[in-house]
Asks: 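Here you go, one structure.
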Amino acid sequence: MTDTPFLADLLITGGTVVNETGRFAADVAVKDGLIAFVGHPAFAPKAAATIDARGKFVIPGAIDVHTHIREPGMEQKEDWRTGTRAAAAGGVTTVFDMPNTEPAIATVEALAAKREAAERQAIVNFGLYGILDERSLDHLPALAEAGVIGFKLFYGNTTGNNPAPNDGAVLEGFEILAELGLRCSIHAENSPILFWRENRMKAAGRDDAFAHLAARADIAALESLNRSITLSEWTGARIHIVHESCMRSIPIIRDAKARGVPMTVETCPQYVIIAAEDLTGDAARVGRLNPPIREGRQREPILQALLDGTIDILGTDHAPHAMEEKQRPSFWDNACGFPGVETSMRLMLTFVHEGRMTMEQYVRMAGSAPARAFGLYPRKGVIQPGADADIAIVDPTKRDTIRGAELHSERSRFTPFEGMETVGAPIATIVRGRVVMQDGKVLDAPGWGRMERPVMPKPEPRNLAATTKAILRPDSYSW
């Protein structure tokens, strides 16, 4: 037995490493921001610092592909400092931020300004989405070259008041993305349906939580999901359906995947934990979001689809607002969304404790699946030599209660999970080898976060010559 011939920066000793494929006892050493050793303690290197992980799980840091950090333009809700501190507290080492900030990320110039704000403040890694709409069509290749993690299409209305683009523009955008290879995340709700129904209810004097749910009935999601699949299948553009909440979507998703549609899907903790009928009074205002939390009978089918891989990814739709924006007299005027990046891992570890999922399943949905879908695997999403040292150390027995007043999203300290008891929590978060949270305390590391760029497999575009290209250049038409 000889010493490994290098001095590690950090050694995690005595823990159980969990990847999506299984678990094993091993020490983990970190050097220069990368995992340098995973193996038997007898062969572990010496290190400048050590963390004792006996009785703990050592897992890939969570990758949250759906967050709204709000900066630039809406810092009264959150900024990159508070948002990434919340992520670190929750065992999340990478966040992907949506483009519906002010201005929306439709140009390289807007992207550069947002990147500067993130690089100055973020303590975890980040990816930045560009928006897909009429404004951005001419800028999609340049945004891809500038390093966006993907694009976001808002079919449903959202914070920032970005109107749903024309279907013709979406088709043209998908043609471009099919050749670029980047994934397009889609808020799949039919805006004309939901606005029509909402206006009818307002005219009838409805001003309650169930009116919000009824305005955004399952049909609005199902129609938009089918439309998204059709355009993806036609062009070959890679898509990702965000915040899936509707059990009737599940057979449609399974069928599309079986046909080879290049799609992934996410859901969020709120859709497998909370029931609409349980949200009353102030809790209903806190829990208002788009798409809505649905009837309790929809929770278990969504959870089972997440466990069997029909739904690939666990995101959060982390969407902070200033407190007063959730306390307006009219239900319709209350902002949609709430913080989620800090509580997601604790909620799912409670499911693990209860036997409703395994640690391996959690690592797949929160780590390896998002890394694969967005071109970051195997650099992220796995504990193995050569991967980025983005790690969460989890105590599976730690008991606590979720309290909004304790959230690190300082301007948005409310949660629909208020008072829920949890078992299991991240006790250390390590980003590229640097400890940014330990024993519940978020450490000072502004500017440590790095912008992540995707490396996607070669795309397989199809039918492009039969649509927009034929309009712009008739000799390109293929009979």
Side-chain angles (χ1 to χ4, degrees), residues 2-65 91-94 96 124-125 127 149 264 309 312-314 345 348-349 352 357-394 396 426-437 450 452-457:
T2 60
D3 289 338
T4 305
F6 70 92
L7 178 69
D9 301 320
L10 176 66
L11 181 65
I12 304 168
T13 64
T16 299
V17 171
V18 184
N19 287 319
E20 63 175 333
T21 54
R23 65 184 73 187
F24 52 92
D27 284 4
V28 178
V30 174
K31 179 71 173 177
D32 297 331
L34 301 177
I35 297 173
F37 170 88
V38 180
H40 193 281
F43 301 100
K46 292 180 171 30
T50 302
I51 296 178
D52 184 350
R54 285 175 295 180
K56 313 298 192 296
F57 292 127
V58 181
I59 69 173
I63 300 171
D64 192 340
V65 304
V92 177
T93 53
T94 304
F96 295 174
V124 305
N125 302 315
I149 200 68
T264 54
D312 308 81
I313 292 171
L314 181 78
M345 186 178 289
M348 294 301 103
L349 291 175
V352 173
M357 70 172 58
T358 67
M359 276 300 300
E360 289 83 355
Q361 287 173 318
Y362 174 71
V363 167
R364 171 184 56 79
M365 65 182 69
S368 52
R372 277 195 300 270
F374 287 87
L376 301 180
Y377 191 88
R379 185 162 56 81
K380 296 188 185 296
V382 63
I383 303 292
Q384 67 181 21
D388 287 351
D390 291 350
I391 299 168
I393 302 175
V394 167
I427 60 167
T429 304
I430 300 162
V431 176
R432 300 193 337 274
R434 181 170 182 172
V435 178
V436 297
M437 184 278 285
R450 179 181 67 188
E452 300 294 342
R453 289 170 169 259
V455 179
M456 300 294 284

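Note that this is a predicted model, so its numbers are computed, not measured.
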Asks: If every non-hydrogen atom of Phe96 is compared with every non-hydrogen atom of Leu376, which pair is closest and at what distance?
Replies: CZ-CD1, 3.8 Å

Asks: Under the criterion side chain to side chain contact (heavy atoms under 4.5 Å, CB included), which of Val30, Thr93, Ile51 is the partner of Ile391?
Replies: Val30

Asks: Give, for atom CZ of Phe43 and atom CG of Asp27, the distance between the pair rounded to the nearest 0.5 Å.
Replies: 12.0 Å

Asks: Heavy atoms, side chains only, cut-off 4.5 Å: are Lys56 and Val394 in contact?
Replies: no

Asks: For Ala53 versus Ile393, what's the shortest heavy-atom pair and its separation?
Replies: CB-CG2, 4.2 Å

Asks: How close do Val18 and Val363 get, heavy atom to heavy atom, and via which atoms?
Replies: O-CG2, 3.8 Å

Asks: Just so I know, are the side chains of Ile35 and Val382 near enough to count as touching, which here means a heavy-atom distance under 4.5 Å?
Replies: no

Asks: Does any non-hydrogen side-chain atom of Leu11 lie less than 4.5 Å from one of Lys46?
Replies: no

Asks: Kindly say whether Thr21 contributes a backbone atom to a donor-acceptor pair with the side chain of Asn19 at under 3.5 angstrom?
Replies: no

Asks: Testing the basics here: between Pro45 and Ala29, what is the closest heavy-atom pair and its distance to 0.1 Å?
Replies: CG-CB, 3.6 Å

Asks: Less than 4.5 Å apart, any side-chain heavy atom of Lys31 and any of Asp9?
Replies: yes

Asks: Under a 3.5 Å distance rule, please check whether Asp390 uses its side chain to pair with a backbone N or O of Arg432 as donor and acceptor.
Replies: yes

Asks: Using every non-hydrogen atom in the two residues, find where Gly15 and Val58 come nearest and quote the distance to one decimal.
Replies: CA-CG2, 4.2 Å

Asks: What do the steps show when you test Met365 against Ile313 for side chain to side chain contact (heavy atoms under 4.5 Å, CB included), and what is the final call?
Replies: CA-CA 4 Å; Met365 65 182 69; Ile313 292 171; 5.9 Å; no

Asks: For the side chain of Asp388 and the backbone of Lys380, is there at least one donor-acceptor N/O pair under 3.5 Å apart?
Replies: no

Asks: So among Asp64, Thr429, Val92, Ile59, which one has a side chain to side chain contact (heavy atoms under 4.5 Å, CB included) with Met345?
Replies: Ile59

